[in-house]
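This report concerns only the one structure given below.
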Amino acid sequence: MTVYPLTGVIRPYAWGSRTAIATLQGRPPAEGPEAELWLGAHPDDPSTVPTPDGQIELTKLIADDPRGQLGDAVTEAFGARLPYLMKVLAAGAPLSLQAHPDADYAREAFARQQADPALPKNYTDAHHKPEMLVALTDFEALCGFRHPSAAADDLLALRITRLQPVIDALRAGDLSAAVRLLLTWPADDRAALVDEVVAAGTSELAVRLAGHYPGDPGVLVALLLNLVRLAPGEAIWMPAGNLHAYLNGLGVELMAASDNVLRGGLTPKRVDVDELLRVLRFEVLEDPLLHPASSDGVVTSWRVPVPDFEMSRVALSPSRPPVRLPGGGARVILGVAGEVQVGEGHGVPVTLLPGTAAYAPASAGDLTAAGVGEIFVASVPLS
C-alpha cells in the first residue's frame, strides 16, 4: 500500500464543540466536547494506518523506515519524525490566550528543564510550534497585538481609574509593561476589576470572555489584541512569540509537531508570567491574515516562513480532470467536502469523505486527486 487511509484521534478538551466535527463527518452530535482531530505522528496521540498485521501507529511506520516514509531531505533536516501535525479544530468556546517559543529558545529551555528538576515544567519537548489555520466556517480569533495607542483609547473609555498605569504604559508604547501589569494584577481585585469592565458596557468582547472566564485578567489582555473574523477559506498565521486565542468556529490547523504552550490567561491553568514575557514578541501585527502564495481556482497554497510545513487546498469540480497534488515528501490529506479519490496512478486509491484522511509517504511519488469535492494537503516544503 502506497497511500494509506489515516485514522486520527479526537481530543475532548472542554472548549470543544459537540457538533462541529461530528457534522463534518456526518455523525450525530457527540455526547461530550470534541475539540481537535489530530492527524499525524505526534507521540502523544499518533494516527494509525492499516497494514496486513492490523492498525499500526504512524510513528512506528516512520521509525521503521524513515527515509522511505519521509524522504532523504526531510530525514536529514528533522530526523526520523514527521515535522508537522494537522488538526481539525472545533472551538465551541474560547481557548486560552497562548504563545509558543521559537526553535532556539525551545531547545535551550527544554534542555534547562531536563537538567534541573526544580524548574517549572513549561515545556514538553525541544521543538517550536508555529501554527496556521484555514477557516472551514466563519471563525473568530485573537491574533497579535494591536497598536498600543488604540488599545489605550479603549481602556480609557472604560472609565476605570485604577487602569491608568496600564493606559500610561500603552501610551508609552510599552506593551510588555502593560501585559505584565494586567497578568500580575492583585488576585483579590481581579474579579472586581473584570466585573467593572463588563459593567462599563463598552466592550462586547470583554462581556463574552468574562462569561466563560469570570475574574480572569486575560479578559483585559485580550483587549490589547487584534480581533480577527475569518470567512471560510481565509487563513491566519501564528508565528513564535505571537499571543493568540481561538474563540469559535471550525478550521484546519497545521503546525510544527510540538505541544509547547505558554498560557497568558483565559484559563484555569497556571500562567507563568515571567516565562511568557520572555517568549512573547511585543510587536504590532498590522495584518494577521495569511494570504495565499498562489491560487489558480483549483489549487490554493499557503506558505509560511518556517521549513516544517506548508498547506494547500484543492477544489475539484465535476468537469475537472484529475489534478496532480501539490507538495512532496510525506503528505497528510484531509477531505472536507464531497468525495475525492487520492492515489499515485496505480493500485487502489483512497476515497476521502468529509472528515476522513489519508497518508502518503515520500516513496509514493506524485499523487493525483479525482472526484468532486475539497481536500487539504499538508507537506514539507522541499525547495
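No experiment lies behind these values; they were computed from the predicted model shown.
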How long is the straight-line distance from [atom2] of [Y] back to [atom1] of [X], given to the nearest 0.5 Å?
X: R313; Y: F376; atom1: CZ; atom2: CZ; result: 5.5 Å
X: L276; Y: S176; atom1: CG; atom2: OG; result: 9.5 Å
X: L155; Y: S203; atom1: CG; atom2: OG; result: 9.0 Å
X: F110; Y: T124; atom1: CZ; atom2: OG1; result: 7.0 Å
X: H42; Y: E57; atom1: NE2; atom2: CD; result: 13.0 Å
X: D216; Y: S96; atom1: CG; atom2: OG; result: 9.5 Å

Give a yes or no on whether L280 and V219 share a hydrophobic cluster (residues Ile, Leu, Val, Met, Phe, Trp, Tyr; joining criterion: side-chain heavy atoms under 4.5 Å apart).
-> yes

Short N-O contact, E34 and R27, less than 4.0 angstrom | yes

Salt bridge flag under 4.0 Å for residues D104 and R107 | yes

Out of L133, V304, V134, which one pairs with L290 under the side chain to side chain contact (heavy atoms under 4.5 Å, CB included) rule?
-> V304

Give me the one residue out of M255, R331, M311 that meets side chain to side chain contact (heavy atoms under 4.5 Å, CB included) with M86.
-> M311

Where [X] and [Y] come nearest, the two heavy atoms and their spacing:
X: A169; Y: A177; value: CB-CB, 4.0 Å
X: P130; Y: V306; value: CG-CG1, 4.0 Å
X: S294; Y: R303; value: OG-NH1, 4.1 Å
X: Y359; Y: I62; value: OH-CG1, 4.1 Å
X: A151; Y: L223; value: CB-O, 4.1 Å
X: D138; Y: A231; value: OD1-CA, 4.1 Å

So do the side chains of E36 and L85 get within less than 4.5 Å of each other, counting heavy atoms only?
-> no

Do T19 and P29 touch side chain to side chain, with heavy atoms closer than 4.5 Å?
-> yes

Assess the side chains of N122 and E275: does a donor N or O sit below 3.5 Å from an acceptor N or O?
-> no

Sole candidate of W15, Y13, F139 that passes ring-ring contact (aromatic ring centres under 6.0 Å, His included) when paired with Y246 = F139

